[in-house]
Novice: 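Sharing a structure, written as structure tokens. Questions coming.
From a predicted model like this one, the values you see are computed outputs, not experimental measurements. Every heavy atom of this structure was used, including side-chain atoms; hydrogens, water molecules and symmetry mates were not.
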Amino acid sequence: MSLPPNKRKDGRYRDKGIEEIVEMKVTTTMNPSTVNKTINRSSSMLNWALRNGYMEKNPLLGMHIQSKKRADEFRDVFSTEDLKKLFQSKAYVEDKHLHSFYFWIPIIALFTGMRLDEICQLHLDDIRNEDGVYVFDVNDDGERKLKNLASKRIVPIHDFLVDDLKIVQYAKTLRERGETRLFPELKRRRDGYSQEVSKWFARYRTRCGIVQERGKKDFHSFRHTLANNLKQETVESTLLMELLGHSVGSITLGRYGKRYNAKLLKEKVVDQVHFEVDFEHLKKSRFVCPDLLLT
């Protein structure tokens, strides 16, 4: 509980031992949920050692750090003013984004609630038509990875992305260029394709003047923002859980009930998504006009 997050990535702590770091009295320490994940993983290893006779007991059994925050207070949503700062910035208004993923990934996250890794690893074949509805097919085929089994799902694409931002035509243009992934500029690293985007967005969010008041505001806040938006619209919880890739947790619905079809998910959930933000200028971006990509 006295250690900083990502200490191996921070030059101030990378070469120091745990005792040295504790003596530094770190101000920003690991989130209790991260500590609990570490405890659970270590406990699993010690349980194996216990079962195989290497230990007489598991000292981590039952250990759990109690958080002083409610689950919904760890990460905050983006307010309407935050969204205006992010999507009405100079980079968006003047179409100054250097790479296509700078333009596309935040807006996809806002209108789908998909995780950053899920968006970054999208292949062009993952954008398809199902039951007359364009969808993102979130899967773990080939090199793709998912957080858990429930993450494998179909996400209907919002009309704003299809009709106004022409994402289907954009994917078609990339396919004509011989590309296979939606964001070919992103290179695969140890943890997937999202590292560069995560670092970029942290800098971009700061430049846009996003203030963190209650909980943490980072890229994952897009997911929280969409979920909160739909909750306030009183969207049925099981529909929302399936859109976001959460386990229903019920034998009746999770095992016997099959997944909702794309058309129903779009009508009951995705079509209810709306934000009090002017996105009109995004339609004029060079990334929305496929013909420019071929020149």
Side-chain angles (χ1 to χ4, degrees), residues 1-7 9-13 24-37 65-99 101-120 158 160-161 165 191 194-233 240 244 272-282 285:
M1 292 293 289
S2 300
L3 297 177
N6 300 313
K7 61 184 178 66
K9 298 180 181 180
D10 193 319
R12 293 173 295 176
Y13 314 116
M24 295 173 69
K25 300 188 184 305
V26 178
T27 54
T28 302
T29 56
M30 280 195 288
N31 191 299
S33 64
T34 304
V35 174
N36 285 328
K37 285 180 183 178
I65 303 299
Q66 186 64 42
S67 173
K68 296 181 180 180
K69 290 185 178 182
R70 291 185 354 173
D72 62 351
E73 293 177 333
F74 283 108
R75 187 175 275 103
D76 207 355
V77 301
F78 287 127
S79 66
T80 298
E81 288 306 309
D82 289 336
L83 294 178
K84 289 179 179 178
K85 290 178 180 178
L86 289 170
F87 293 105
Q88 293 176 358
S89 67
K90 183 177 181 180
Y92 272 106
V93 172
E94 299 183 8
D95 202 24
K96 297 289 188 180
H97 284 310
L98 181 62
H99 299 295
F101 61 84
Y102 289 171
F103 173 87
W104 281 110
I105 290 181
I107 200 71
I108 291 175
L110 180 63
F111 279 91
T112 67
M114 290 168 62
R115 300 178 178 92
L116 178 57
D117 289 332
E118 295 171 345
I119 300 173
C120 291
H158 194 281
F160 178 67
L161 297 177
L165 298 190
D191 298 323
S194 64
Q195 288 173 278
E196 182 178 352
V197 185
S198 180
K199 292 177 181 179
W200 163 77
F201 185 78
R203 299 190 300 268
Y204 179 68
R205 179 203 64 210
T206 301
R207 290 199 303 270
C208 289
I210 304 299
V211 178
Q212 305 187 72
E213 297 175 348
R214 294 175 298 173
K216 184 178 181 181
K217 290 183 180 180
D218 57 14
F219 190 91
H220 206 64
S221 293
F222 283 123
R223 186 169 166 85
H224 287 247
T225 302
L226 179 82
N228 181 63
N229 180 285
L230 291 172
K231 181 180 179 180
Q232 304 311 321
E233 294 293 331
L240 181 53
L244 295 176
Q272 310 309 312
V273 176
H274 66 276
F275 301 98
E276 299 299 322
V277 179
D278 182 8
F279 295 113
E280 192 68 22
H281 55 287
L282 301 187
S285 172

Novice: Would you say I105 and F201 make side-chain contact, with heavy atoms under 4.5 Å?
Specialist: no
Novice: Would you call the rings of H99 and F101 parallel, tilted or perpendicular, taking 30° and 60° as the class edges?
Specialist: parallel
Novice: Under the side chain to side chain donor-acceptor pair (under 3.5 Å) rule, collect the residues that match up with S89, sequence neighbours excluded.
Specialist: Y204
Novice: Mark yes or no for whether R223, through its side chain, and G113, through its backbone, hold a donor-acceptor pair below 3.5 Å.
Specialist: yes
Novice: Show the nearest heavy-atom pair for residues H274 and N229, with the distance to one decimal.
Specialist: O-ND2, 2.8 Å
Novice: Check whether R205 reaches the backbone of F219 with its side chain - one donor and one acceptor, N or O, closer than 3.5 Å.
Specialist: no
Novice: May I ask you to test the T28-P4 pair for a side-chain heavy-atom distance under 4.5 Å?
Specialist: no
Novice: Just checking H97 against Y92, ring centres under 6.0 Å apart?
Specialist: yes
Novice: Give, for atom CD of Q272 and atom NE2 of H158, the distance between the pair rounded to the nearest 0.5 Å.
Specialist: 9.0 Å
Novice: Under 3.5 Å, side chain of D76 to main-chain N/O of S221, donor-acceptor pair present?
Specialist: no
Novice: Test side-chain contact (heavy atoms from CB on, under 4.5 Å) on D278 and F87; report intermediate values, then the result.
Specialist: CA-CA 9 Å; D278 182 8; F87 293 105; over 6 Å; no
Novice: Tell me whether T34 contacts the main-chain N or O of M30 through its side chain, where contact means a donor paired with an acceptor under 3.5 Å.
Specialist: no
Novice: I'd like to know if the side chain of K7 and the backbone of Y13 have a donor-acceptor N/O pair within less than 3.5 Å.
Specialist: no
Novice: Going through the distances and angles, do T112 and L226 end up as a side-chain contact (heavy atoms from CB on, under 4.5 Å)?
Specialist: CA-CA 7 Å; T112 67; L226 179 82; 5.6 Å; no
Novice: Just by distance, with hydrogens left out, do S79 and D82 show a side-chain donor and acceptor under 3.5 Å apart?
Specialist: yes
Novice: Does any N or O in the side chain of N36 come within less than 3.5 Å of the main-chain N or O of P32, such that one atom is a donor and the other an acceptor?
Specialist: yes
Novice: With sequence neighbours excluded, what pairs up with S194 under the side chain to side chain donor-acceptor pair (under 3.5 Å) test?
Specialist: D117
Novice: Checking L3 against T29 for the side-chain contact (heavy atoms from CB on, under 4.5 Å) test, could you report, in this order, the C-alpha distance in whole Å, the side-chain angles of both residues, the deciding distance, and whether it holds?
Specialist: CA-CA 5 Å; L3 297 177; T29 56; over 6 Å; no
Novice: Under 3.5 Å, is there a donor-acceptor pair between the side chain of K96 and the main chain of K90?
Specialist: no
Novice: Determine whether a donor-acceptor pair (N or O, by modelled atom type, separation under 3.5 Å) exists between the side chain of T206 and the backbone of A202.
Specialist: yes
Novice: Ignoring hydrogens and angles, tell me if any N or O in the side chain of E118 forms a donor-acceptor pair with the backbone of R115 under 3.5 Å.
Specialist: yes
Novice: Once side chain to side chain contact (heavy atoms under 4.5 Å, CB included) is applied, do any residues pair with K84, and if so which ones, sequence neighbours excluded?
Specialist: T80, E81, Q88, V277
Novice: At what distance, to the nearest 0.5 angstrom, does CG of D218 lie from CZ of F78?
Specialist: 7.0 Å
Novice: State whether a side-chain donor-acceptor pair under 3.5 Å links Q232 with N228.
Specialist: yes
Novice: Going by the rule side chain to side chain donor-acceptor pair (under 3.5 Å), which residues pair with E276 if we only count those two or more places apart in sequence or in a different chain?
Specialist: none
Novice: I'd like to know if the side chain of H220 reaches the main chain of L116, judged simply by a donor and an acceptor atom lying under 3.5 Å from each other, with no hydrogens or angles considered.
Specialist: no
Novice: Would you compute the distance between atom CD1 of I119 and atom CH2 of W104 and round it to the nearest 0.5 angstrom?
Specialist: 12.0 Å
Novice: What residues, two or more places apart in sequence or in another chain, satisfy salt bridge (Lys or Arg N to Asp or Glu O under 4.0 Å) together with E280?
Specialist: K283
Novice: Between F279 and F111, what is the ring plane arrangement, given parallel below 30°, perpendicular above 60°, and tilted in between?
Specialist: perpendicular
Novice: Report the C-alpha separation of I107 and F160 in whole Å, then their side-chain angles, then the decisive distance to 0.1 Å, and conclude whether the side-chain contact (heavy atoms from CB on, under 4.5 Å) test is met.
Specialist: CA-CA 10 Å; I107 200 71; F160 178 67; 4.2 Å; yes
Novice: Does R207 have any side chain to side chain donor-acceptor pair (under 3.5 Å) partners at least two apart in sequence or in another chain, and if so, which?
Specialist: none
Novice: Could you measure the distance from the OG1 atom of T225 to the CG atom of L83? Nearest 0.5 Å is fine.
Specialist: 6.0 Å
